[in-house]
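What follows is a single structure, written as C-alpha cells, with notes after it.
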Amino acid sequence: MPGVTEVFVRVALDQPIPTLFDYRYSFADLPQVGQLVQVPFGRRSVTGLICEVTRHSEVPLERLRAVEAHCSDCPPLSPAWIALTAFAADYYQRPLGEVALPALPQALRDATRWGRLLAVEIHYRITALGREALPEVLPARAQALRRLAEALCHSGALALPAARALHPKATATLGDWCAAGWVEQQSGALDTVAEIRPDDGIAPALNHEQQQALEAIAGASGFVPFLLHGVTGSGKTEVYLHALAALMAADASAQALVMVPEINLTPQFEAAFRARFASLPGEAIVTLHSGLAEGERARNWLAAHLGRARIVLGTRLAVLASLPGLALIVVDEEHEAAYKQQEGLRYSARDLAVWRAKQLGIPVVLGSATPSLESWWQAEQGRYTRLTLARRAVTDAVLPSVRLVDLDHEKRRGRPMVEGLTMPLLSALKERLERGEQSLIFLNRRGYAPVLSCDACGWVAGCPRCSAYVVLHKPERMMRCHHCGWESKIPSACPECGNVDIAPLGRGTQRVEEALAGALPGARILRIDADSTRRKGSAQALFSDVHAGQVDVLVGTQMIAKGHDFQRVTLVGVLNADTALFSHDFRASERLFAQLMQVSGRAGRGGLASEVLIQTRYARHPLYDALGRHDYPGFARSTLAERRQAHLPPFVYQALLRAEARTLEQALAFLHNAAAGLDALPGGERVTRYDPVPLTIVKVMHVHRAQLLIESASRAVLQHVLHAWQAHLRGLKGALRWSVEVDPLDI
C-alpha cells in the first residue's frame, strides 16, 4: 500500500519464555522503542512492548505475524525505563516481558481501553461561599470530611482521585457540596508544573542534625546513596520534606519518588505532602500501590509518566513506575521486609531503587531507625554516606525507658497473670488511664489463639490443605488458616474423642483485647490488625481515631509498629517477643530488634515521659540489653561479627531454588536433578550448594514445597552460574512449578 513502510519489531510479552518475539509492523507511522502494541500470540491477542526496531528478521517471513494495533495515547516508555526493567529481569532471572508488562497498570495492558486513557478528568474548586460555610457546618469529629475541606481550601484544584484518597465517599460528598454551591466542578487537565509559593504549608525549623542531613542531600551532585540513620521521632520525614521542597524550587520539572513499605502508611505521608506543597495542583502528588482501584492507579501512573506528577508516593511497585524527570528517590523504613516481593518477580524494591539512582546519576536516601544489616555494612565500607539523627526532633521529647518484666521472676513470686498480662504491665496501663494518656500493646499474632486443642486425646485443629494449625477467631466463631484462607466453624466437641472441653492455647490480638476489656473497665480499647482492617479505608479510619484521642489502649500487630506519629502514647507493652530469639531463620534476631525498636519509638513522641515494658523469660539476653540502651550500632556490630563468622549475608550472596509439586517426593526429586545439573556446570564448583530440604510449612493448598540453597562470596560468580543453570532447569521434566529467588529473605 502506498505510504506504508514495513519494518520488523521485536516485542517483549508477559510469557515465561526468555526471548523477544518478532512481528511485522505495517502502519504509516514508524514504530518506536518503548511503544505498546497489540499482537497475536497463539489464539489470543496480547499486549507487548517494542524493545527493538529492525529492517531484518531471522524468522522466515511466512511465519511472521503482524502487529494488530499500537497505543498512541501513551507516549513511549523511555530507554532508561526499559534498561531498568531489563536489569531487573537479568538479575532476578526472569524474562524481560514478565518484568516490564506487569509493572504497567492493567489499563495499559488492555488494548480495548487505550482510547480512553487520556480522557478529560474532573477537578473541584472551592467557592467563596464554601470557604465561609464548610468550616462552620462540618462536625468537629468528622475527621475525613475536614481533611477533604482543608485540601480544597489549600489547593487551586483538587482532582477526583486525590479527593478519594482523603475520603472514601468523596464522589457523593463533592456532589452534595456542588449542589449547595460550596464547590464547583471543572473539566480539563491541570497545569503540568507549578512553582512552590512562599505561602505553602509552614515548615518547622530544623535542628542542627537535620540541617546537616538536608544540606548533604540537597547539595549532592550525581549518584550519592545516603543512609539516613535516625532514632524514632528524630524527624526523618521533615528532612525528606525539606529536601523535596529544595528540589521542587530548584527545578520546575523535577520529579521525586518517595517509597513506604506498607499501604496503610501512605495516607499520613500524602496528607503531609499536600499540606506542605499546597500550591501544587492536585495531580502533582499521586500515590501508587496495589490498594488503588484500577482506574485510579492508571491515572496516577500516567500523571507520573507524562511528568505532571511531581511527587510520587508508593509502595514497592512504585519503584518500576515511569518517571521521566526523576531527580531524587527516598526509601523510608528501608529495612522492611515488605520491600521484597514474594510472588512472581521476587525483587527487592530497595535494591532496585539504589540501582535506578545509580543509572540516572541522582541521590537516593535510605531512611531507618534500624537499617538493614546489608545497608549498614555498605555504610561501614564507605559505599553509602551515613547521616545520623541521634536525638528526637521535638525539643523536650526523649526516647522511652525500657524495662524488662521477667516472667519467671513473676511466677516465682506467685504474682497472678491475666491472660498473659503481668501485674506490672496492668498497673502501668491503669496509671496511664488515670492520667488520660494512651497505651499501646504489641503482639505480632492476630486472631484469638494460635491453637485449639483437646486435653483428653491430644487432638489439635489443623488445616486439611496445609501442614499448619488453624487459628481461632472467636468474634467470628471461626477457625481460619492464615496460609491458604481455609475456614471452618469452631467444633462443639473434639472430632477425635468427643470431649466437649476443648480449649484455645496461646494468645492472639483478639484474646488480648478481650482480656484488657475485662481488666480495664471503661477503657476505650481498639484493635488494629489484618482482621480489623479488611475493608478499604478502615485502617485509615481507625488510625484517625487514635490520633484524635478517642482510644485509650491500642492493641495491634506490626501494622502499628512503624511510621505512625502517636502524640499521646506514653506506654508500650510487648507480649510474646521471645519466640523469635531462637528461630531457625538467621535473620529473626535482626527483625525482632527492628520491630521492638520501632514499636518502642511510638511512645513519648509528644514530649511526655514514656516507658516500654517487655515481658520476657530471657531478661539477660544480649538483644534486650542493646535494646534497653537504644544501641542499634552495638547490636549491628555484634550481629555482623556473627554473620561474618558463619559466612552469612551480607558476606555471601545467596539464591534459592524452590519447587512445588503434588507430593514432597516429586519436589525433592526435581531438586536433586537440578543439583546434579548444577554440579556438572562449568564453574558450578565455584558456588556452595546445600542439599534439598522441605520448607518449614511443607504443604500449602495441597501443594508440597521444597528448596535448594546455593551461595557464593562473589555476586558475579553467583549470577554467572544462575544464568548457565537456567537452561538445565527448563529442560527438566515434571508436573511441578519451580522458581529461582535471588537474595532471598526467608530461608
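The basis for the numbers below is simple: all heavy atoms, side chains too, and nothing from hydrogens, waters or symmetry mates.
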Aromatic ring pairing F269/F273, orientation class (parallel under 30°, perpendicular over 60°, tilted between): perpendicular

Parallel, tilted or perpendicular: rings of F582 and H621 (30°, 60°): perpendicular

Y240 and D332: CA distance, side-chain angles, deciding distance, side chain to side chain donor-acceptor pair (under 3.5 Å) verdict: CA-CA 9 Å; Y240 305 154; D332 191 44; 2.8 Å; yes

Side-chain heavy-atom pair [X], [Y] within 4.5 angstrom cut-off:
X    : Y    : value
L657 : I710 : no
I614 : L627 : yes
E334 : V331 : yes
E437 : S610 : no
L440 : L571 : no
L244 : L328 : yes
E741 : K340 : yes
T232 : L399 : yes

Side chains of [X] and [Y], donor plus acceptor under 3.5 Å:
X    : Y    : answer
E262 : Q558 : no
S372 : R350 : yes
E209 : N207 : no
S739 : R346 : yes
D529 : T557 : no
Y624 : D578 : yes

Ring centre gap for Y91 and W355 strictly below 6.0 Å: no

Ring center gap for Y384 and W376 short of 6.0 angstrom: no

Any side-chain to backbone donor/acceptor pair from [X] onto [Y]? Under 3.5 Å, distance only.
X    : Y    : value
R507 : V512 : no
Y92  : S348 : yes
R356 : D351 : no
S532 : R527 : yes
R316 : A338 : yes
S712 : S714 : yes
K236 : G230 : yes
R94  : D90  : no
H242 : E238 : yes
T639 : A636 : no

Please determine if [X] and [Y] form a salt bridge, counting it only when a charged side-chain N lies under 4.0 Å from a carboxylate O.
X    : Y    : value
E380 : R386 : yes
E374 : R587 : yes
R412 : D408 : no
R591 : D746 : yes

Calculate, to the nearest 0.5 Å, the distance between atoms [atom1] and [atom2] belonging to [X] and [Y] respectively.
X    : Y    : atom1 : atom2 : value
Q438 : L433 : CD    : CG    : 10.5 Å
L516 : I525 : CG    : CD1   : 5.0 Å
L575 : Q615 : CG    : CD    : 5.0 Å
L373 : L640 : CG    : CG    : 5.0 Å
S600 : Q595 : OG    : CD    : 11.0 Å
M423 : R415 : CE    : CZ    : 9.0 Å

Shortest non-hydrogen contact between [X] and [Y], atoms and distance:
X    : Y    : value
F586 : R643 : CD1-NE, 3.5 Å
S439 : R432 : OG-CB, 3.5 Å
I217 : P363 : O-CG, 4.4 Å
M559 : I528 : CE-CG2, 4.2 Å
A216 : F226 : O-CZ, 3.4 Å
L227 : S375 : CD2-O, 3.8 Å

Verdict with supporting geometry, Q654 and D743, side chain to side chain contact (heavy atoms under 4.5 Å, CB included): CA-CA 5 Å; Q654 297 179 324; D743 303 332; 6.0 Å; no

From CA spacing to verdict: side chain to side chain contact (heavy atoms under 4.5 Å, CB included), L526, V555: CA-CA 6 Å; L526 178 68; V555 181; over 6 Å; no

More than 12 heavy atoms of other residues, nucleotides or ligands under 6.0 Å from [atom1] of [X]: is that the case?
X    : atom1 : value
Q645 : CD    : no
R686 : CZ    : no
H547 : NE2   : yes

Candidate pair H335 and S368, rule side chain to side chain donor-acceptor pair (under 3.5 Å), full reasoning: CA-CA 7 Å; H335 66 280; S368 177; 2.8 Å; yes

L623 and L592: CA distance, side-chain angles, deciding distance, side chain to side chain contact (heavy atoms under 4.5 Å, CB included) verdict: CA-CA 9 Å; L623 184 146; L592 176 61; 4.2 Å; yes

Audit row: Y339, E333, side chain to side chain donor-acceptor pair (under 3.5 Å) steps and yes/no: CA-CA 9 Å; Y339 282 122; E333 307 291 2; over 6 Å; no

